[in-house]
2 protein chains.
Amino acid sequence: MMIQSEGRCPSRDVAGLADQLRPVMLKLSRHLRREALKVGISDLDAQLLGIIKRKPGLGISELADIEHMSRPTMSAHVKRLEEAGWLMREAEDPDGDRRRVRLVLSPEGKRALEAIRRTRNDWLEARLGQLSAEEFAALDAALGSLVRLVEVRG
Amino acid sequence: MMIQSEGRCPSRDVAGLADQLRPVMLKLSRHLRREALKVGISDLDAQLLGIIKRKPGLGISELADIEHMSRPTMSAHVKRLEEAGWLMREAEDPDGDRRRVRLVLSPEGKRALEAIRRTRNDWLEARLGQLSAEEFAALDAALGSLVRLVEVRG
DNA sequence: TCTTGTAGTTAGGTAGCCTAACTAATATAT
DNA sequence: ATATATTAGTTAGGCTACCTAACTACAAGA
């Protein structure tokens with residue numbers, strides 16, 4: 001996959017890799033989004049439910065920071081999930097900041113997340129399962145690099 | 001990165017890898033989109049100009065297939081790029097199918113693509129440049145796997 | 001000739017993102 | 001103690017990117 005280019009550092013064709021990654025990322029995100037619509041829950045919704053399950057009491061700004069998104073956008077997502085009955089606002093911490101919302105999963109939200117966990121066997125998993133052992137291992141090994149790309153401090 | 005799970009094939013935790021990839025992909029696509037807006041040309045636009053430069057004469061359906069997108073969506077993108085003066089419709093092939101459009105870059109479109117090629121040093125490249133040699137190599141090695149995920153025959 | 005299939009477009013809709021502006025609460029400066 | 005600056009979250013308005021249904025026109029097949 002690595003193309004040696006004259007005049008460039010032989011191990012780092014940054015622009016070349018970027019040019020190859022972009023179209024793949026575009027298509028991948030289209031597929032993920034399309035498949036999520038089929039499943040009936042967006043990847044972000046599932047992600048948010050999972051985060052809040054792990055860390056009950058998070059607020060809008062914290063979630064927005066975790067997901068690299070604006071606060072109004074996150075506010076709207078949370079509002080939707082509340083209206084769906086999956087998230088609730090916990091009682092205020094009497095000694096805490098009264099502006100903050102503290103989000104927790106509702107019982108329905110917990111059930112929804114369990115159901116997702118149990119039944120989710122979607123397109124991405126199917127595709128990953130079709131990779132050769134080498135391809136799978138390469139992707140697995142690259143996960144850290146992908147994570148690094150989106151780390152804060154960017 | 002690979003977590004050995006009891007009772008699963010030790011080299012293939014498909015669900016685990018999927019669960020780790022999803023949030024990264026979500027964030028990555030947000031970043032790419034946000035950064036593209038900053039640059040002033042979307043990744044898809046640049047991609048389409050590049051494809052049509054390499055293969056003048058492509059039609060809407062072909063582009064839609066290449067990008068894994070619906071035809072109406074592609075029709076709208078192409079229309080926008082035409083209105084921007086970057087794409088043109090070539091004269092009909094007298095022996096060909098009269099319904100087909102045959103897209104080519106306009107002179108302005110060629111210039112725009114050249115300018116993109118010359119000046120593009122954006123967020124993704126910056127981030128890739130910040131990876132360690134190992135991380136870069138791992139990502140480079142995984143490109144084929146990523147491509148496989150979005151290959152047709154899916 | 002008629003029926004079926006295909007290329008592309010339009011209309012209407014959803015999902016996902018943003019900034020600007022705002023209210024309310026808190027922290028900091030005077 | 002009071003005034004100012006900052007922060008948490010929400011609403012409004014807008015843009016981008018996708019979809020399906022329905023349509024017109026053209027082509028292929030029966």
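Just so it is clear, the values below take in all heavy atoms, side chains as well, and ignore hydrogens, waters and symmetry mates.
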Using atom CG of D43(A) as one end and atom P of dC17(C) as the other, report the distance to the nearest whole Å.
11 Å

Would you say L149(B) and V24(A) make side-chain contact, with heavy atoms under 4.5 Å?
no

Nearest of dC18(D), dG9(D), dT9(C) to any side-chain atom of M69(B)?
dC18(D)

Does S61(B) reach a base, just sugar-phosphate, or nothing at all? Heavy atoms under 4.0 Å.
sugar-phosphate

Nucleotide nearest K79(A) (side chain, heavy atoms from C-beta), chosen from dC17(C), dT10(C), dT11(D):
dT11(D)

Nearest atoms (heavy-atom pairs only) where V104(B) meets I52(B)
CA-CG2, 3.7 Å

Tell me whether the OP1 or OP2 atom of dC18(D) has a side-chain N or O from H77(B) closer than 4.0 Å.
yes

Assign R102(B) to base, sugar-phosphate, or nothing according to its heavy-atom contacts below 4.0 angstrom with the strands shown.
nothing

Could you say whether T73(A) or L26(A) is positioned toward the 5' end of DNA chain D, judged by the nucleotide with the nearest heavy atom to each?
T73(A)

Determine: side-chain N/O of R98(B) to OP1/OP2 of dA25(D), distance under 4.0 Å, yes or no.
no

Out of curiosity, does V150(A) fall in the hydrophobic cluster containing L146(A) (side-chain heavy atoms, cut-off under 4.5 Å, transitive links)?
yes

What I want to find out is whether K38(B) reaches E35(B) closely enough, with some N-O distance under 4.0 Å, to be called a salt bridge.
yes

Closer than 4.0 angstrom, basic N to acidic O: yes or no for R33(A) and D43(A)?
no

Selected nucleotide, minimal atom distance to D97(A) side chain, candidates dC17(C), dT10(C), dA25(C)
dA25(C)

Which whole-number value in Å describes the distance from E82(A) CD to dG9(D) P?
12 Å

Which heavy-atom pair separates R89(A) from V101(A) by the least distance, and what is that distance?
NH1-CG1, 2.9 Å

If the cut-off is 4.0 Å, is S70(B) near the phosphate of dC19(D), judged by side-chain N/O to OP1 or OP2?
yes

dA8(D) base / R99(A) side chain donor-acceptor hit below 3.5 Å
no

Give a yes/no answer on whether the side chain of R100(A) brings an N or O atom under 4.0 Å of OP1 or OP2 in dT10(D).
no

When rounded to whole Å, the CG to C1' distance for the pair L63(A) and dA8(D) reads 13 Å

Let me spell it out: for each of L37(A) and M74(A), pick the nucleotide of DNA chain C with the closest heavy atom. Which residue's pick is nearer the 5' end?
L37(A)

H31(B) atom NE2 is separated from dC18(C) atom C1', nearest whole Å, by 15 Å

Taking atom P of dG16(C) as reference, at what distance in whole Å does atom NZ of K27(B) sit?
17 Å

Need one value for R33(B): base, sugar-phosphate or nothing, where a base atom within 4.0 Å counts as base even if backbone is also close, heavy atoms only.
base

Nearest-Å distance for atom pair CD1/P, residues I60(A) and dA24(C):
18 Å

Let me know the distance between CZ of R80(A) and P of dT11(D), rounded to the nearest Å.
15 Å

Which comes earlier along DNA chain D counting from the 5' end, the contact point of E62(A) or that of D45(B), where each point is its nearest nucleotide?
E62(A)

Check every strand shown and say whether R71(B) touches a base, only sugar-phosphate, or nothing at a heavy-atom separation below 4.0 Å.
base

Consider the side chain of L44(A), meaning its heavy atoms from C-beta on, and name the nucleotide among dC17(C), dT7(D), dA12(D) that approaches it most closely.
dC17(C)

Residue R34(A), side-chain heavy atoms: nucleotide from dG8(C), dA20(C), dC19(D) that is nearest:
dC19(D)

Looking only at the side chain of S42(A) (C-beta and beyond, no hydrogens), which of the listed nucleotides dA8(D), dG16(C), dC19(D) gets closest?
dG16(C)

OP1 or OP2 of dA17(D) versus the side-chain N and O atoms of R30(A): is any pair under 4.0 Å?
no

Starting at CD of E35(A) and ending at P of dA15(C), how long is that distance when rounded to a whole Å?
16 Å

The nucleotide from dT10(D), dT9(C), dA27(D) with an atom nearest the side chain of S75(A) is dT10(D)

Any salt bridge linking R148(B) with E151(B)? Criterion: basic side-chain nitrogen under 4.0 Å from a carboxylate oxygen.
yes

